Amino acid sequence: MSYLPVSASLITGDRDLRGRMARENKVSKEIYRKHIALYRYINNAWIFSTLIEPDLKKKAQRLLSSRSKAKKGYKAPKKSSWTVSKRRDYDIGQLFQAQFERGIFETNIISMVSRTEAFIQDSVAAAACAYPQKLSILADKGGVPIDLVLENEDRNDLIRRFVYLKCEGLMFAKPKDYLEKASKVLAIELEQETVSAYIEIKASRDIIVHGSGVANNLYLEKSGNAARAALGDELPIDREYFKSVVINLKRLSGEIQSKSEAVYK
């Protein structure tokens, strides 16, 4: 099964990694710097996962085939010292097998989504700090908290702290909503396929963290037509899906970077 909404060759960002374009605007410079850091982090996650996969499989097969019934002691920390937890070879083999089948992918998806959310937040903050008139998009009816005004005599510092306060709150909204607001602040328009792919990835991440990887009504509602499992079924988190996550998160990052650069010249 393929999870890619588009060909991998359509990902924006590879041109930017060659980095030969002069950037004068500080917003473009900051977003580009954050984009490259995220791009590298995601690539590193893929490299590490593919390198460790064969070792996980080999170790799992060896331990699962062990005939030993003896329980070996493994040290684990506790509050004031260490405890010893005893496991058979077969038990440890199951741990390696679980990591090989999906655990390594789940862990990396969680961290990559968090890094992508931080990139979106930082991109919005870069634009709003540089162009304070954009604060009207981020601000709500409550205005600027009085404690921020009292604590900051410097106008620029007040703007910066208010922007980051609003950006932090922005990420608690639904992915569709915070991507829409981020696009308004950045004055860009993201491709619908890119947005849809990200929303499903975020829904999958939430199910991994909060739902033990089993599709529930909330996942189906969040992911919509992009849902990859029926109610009550375990979400497939395998190497192919992980590959699609890598591609689509880089595509989102690349679109934000390249489209912002076209605005902030």
Side-chain angles (χ1 to χ4, degrees), residues 1-5 7-8 11 38-117 197-220 222-223 226-251:
M1 180 184 295
S2 175
Y3 303 105
L4 307 184
S7 167
I11 307 171
L38 176 60
Y39 206 102
R40 184 177 181 84
Y41 183 88
I42 294 173
N43 281 344
N44 284 344
W46 172 262
I47 292 168
F48 176 77
S49 298
T50 54
L51 287 175
I52 203 171
E53 259 189 300
D55 291 333
L56 290 172
K57 182 178 181 180
K58 185 177 180 180
K59 194 88 168 180
Q61 289 175 337
R62 182 177 67 80
L63 290 166
L64 290 172
S65 62
S66 172
R67 296 183 178 180
S68 174
K69 301 297 183 182
K71 289 187 175 183
K72 300 176 183 178
Y74 295 89
K75 289 180 65 176
K78 63 179 184 179
K79 185 177 180 179
S80 58
S81 59
W82 294 85
T83 186
V84 175
S85 186
K86 294 186 176 182
R87 298 289 187 275
R88 297 172 301 163
D89 284 349
Y90 184 84
D91 299 326
I92 301 300
Q94 286 183 312
L95 297 180
F96 277 93
Q97 185 67 23
Q99 286 299 311
F100 168 71
E101 289 179 349
R102 64 185 287 143
I104 188 67
F105 306 127
E106 289 180 332
T107 301
N108 277 293
I109 287 171
I110 292 168
S111 63
M112 289 191 306
V113 169
S114 295
R115 292 294 184 109
T116 302
E117 289 178 324
Y198 175 74
I199 289 172
E200 193 288 319
I201 291 169
K202 180 62 166 62
S204 289
R205 174 266 177 203
D206 292 346
I207 283 298
I208 292 169
V209 174
H210 304 295
S212 302
V214 177
N216 56 21
N217 286 319
L218 189 57
Y219 167 78
L220 297 176
K222 288 180 178 179
S223 55
R228 300 182 299 109
L231 183 64
D233 289 346
E234 185 176 58
L235 280 177
I237 307 290
D238 53 18
R239 195 173 198 254
E240 185 173 354
Y241 179 67
F242 181 55
K243 178 182 177 182
S244 76
V245 172
V246 167
I247 289 173
N248 284 309
L249 291 183
K250 290 200 295 185
R251 183 187 182 195

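As the structure is a prediction and not an experimental result, all values here were calculated from the model.
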With a 3.5 Å cut-off and sequence neighbours excluded, list the donor-acceptor pairs that the side chains of residues 211-218 form with protein atoms.
unit_1	atom_1	unit_2	atom_2	d
Asn216	OD1	Leu218	N	3.2
Asn216	OD1	Tyr219	N	2.8

- Task: Identify, with sequence neighbours excluded, every residue that meets side chain to side chain donor-acceptor pair (under 3.5 Å) alongside Ser49.
- Result: Asn108
- Task: Check Tyr241 against Ser204 and note the closest heavy-atom contact, atom names and distance.
- Result: OH-OG, 3.2 Å
- Item | For Glu101, all residues meeting side chain to side chain donor-acceptor pair (under 3.5 Å), sequence neighbours excluded | Gln97
- Item | Point-to-point distance, once rounded to the nearest 0.5 Å, from CD1 of Ile247 to NZ of Lys250 | 7.5 Å
- Query: Residues two or more places apart in sequence or in another chain: which of them pass salt bridge (charged side-chain N to carboxylate O under 4.0 Å, His left out) with Arg102?
  - Reply: Glu106, Glu234
- Message: Test of understanding: with ring pair (Phe, Tyr, Trp, His ring centres under 6.0 Å), list the residues that count as partners of Phe105, not counting sequence neighbours.
- Response: Phe242
Sequence neighbours left out, cut at 3.5 Å: what donor-acceptor pairs do the side chains of residues 50-64 make with other protein atoms?
unit_1	atom_1	unit_2	atom_2	d
Thr50	OG1	Trp46	O	3.0
Thr50	OG1	Ile47	O	3.0
Glu53	OE1	Arg239	NE	2.6

- Item | Spacing of CG belonging to Asp238 relative to CZ belonging to Phe100, to within rounding of 0.5 Å | 10.5 Å
- Item | Tyr198 side chain near Thr116 side chain, heavy-atom distance below 4.5 Å | yes
- Closest approach of Ala229 and Leu235, non-hydrogen atoms and distance? CB-CD2, 3.7 Å
- Identify, with sequence neighbours excluded, every residue that meets side chain to side chain donor-acceptor pair (under 3.5 Å) alongside Gln99. none
- Query: Roughly how far, to the nearest 0.5 Å, is CD1 of Ile208 from CD1 of Ile110?
  - Reply: 5.5 Å
- Roughly how far, to the nearest 0.5 Å, is the CG atom of Asn43 from the CE atom of Met112? 10.0 Å
- Item | With sequence neighbours excluded, residues passing salt bridge (charged side-chain N to carboxylate O under 4.0 Å, His left out) with Arg87 | none
- What residues, two or more places apart in sequence or in another chain, satisfy side chain to side chain donor-acceptor pair (under 3.5 Å) together with Asp233? none
- Would a 4.5 Å heavy-atom cut-off, applied to side chains only, mark Arg228 and Ser223 as touching? no
- Task: Enter the distance from Ser114:OG to Arg205:CZ here, rounded to the nearest 0.5 Å.
- Result: 5.0 Å
- Residue pairs passing the side-chain hydrogen bond (donor to acceptor under 3.5 Å, both in side chains) test with at least one member in residues 67-76, sequence neighbours excluded, are Lys72-Asp89
- Which residues share a salt bridge (charged side-chain N to carboxylate O under 4.0 Å, His left out) with Asp206, sequence neighbours left out: Lys202, Lys222
